[in-house]
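To start, the structure itself, in structure tokens.
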Amino acid sequence: MRGFDSGNKFVGRTDLALVDKGVLIEFDGMVKYGDLLRGHLTPQQVLAAEKRREDGLRGLGWLVVQITRSDFDHPGSVTLRLDEAIAHGQRVVAGNGLMGSVRLRSPICLPR
């Protein structure tokens, strides 16, 4: 999903969007950080850019949930976090709290 503010300025990209729930899900693997560091950015610059992106998405009214590989060691806690986020996000959507727009990619079809 790509998020745009009301002026059609690109704000950020995310791994998964539950659009009707007002929730964005980020899978935080460490690969992207290595890729960005190879682009000659310092770890501090990479972290600051990531924070700005997330703050921009939150500023549009989205609730952002971070999930890491280790979170799946306790799937019940992931389910609880997502359920809480969806409940909160639905209240935001119902109150017309989302601003800007999203552009979704085509679904990915996985081979059987």
Given R13 and R53, is the side chain to side chain contact (heavy atoms under 4.5 Å, CB included) satisfied, shown in steps? CA-CA 8 Å; R13 175 179 298 121; R53 182 187 68 81; 5.6 Å; no
Run L16 and F27 through side chain to side chain contact (heavy atoms under 4.5 Å, CB included) and show every step you take. CA-CA 8 Å; L16 181 64; F27 183 77; over 6 Å; no
Step-by-step side chain to side chain contact (heavy atoms under 4.5 Å, CB included) determination, L82 to T79: CA-CA 5 Å; L82 290 175; T79 301; 5.9 Å; no
Heavy-atom pair of closest approach, residues A85 and V23: O-CG2, 3.4 Å
pair H74-V78: side-chain heavy atoms closer than 4.5 Å: no
R81 with E84: basic N within carboxylate O range, under 4.0 Å: no
Heavy-atom closest contact (E50 atom, E26 atom, distance): OE2-OE1, 4.1 Å
Give the minimum heavy-atom separation between I25 and T14, together with the two atoms involved. O-OG1, 3.4 Å
Is there a side-chain contact between D55 and L57, using heavy atoms and a 4.5 Å cut-off? no
To the nearest 0.5 Å, tell me how far D83 CG sits from H88 NE2. 14.5 Å
Keeping R58 on the side-chain end and L63 on the backbone end, is there a donor-acceptor pair under 3.5 Å? no
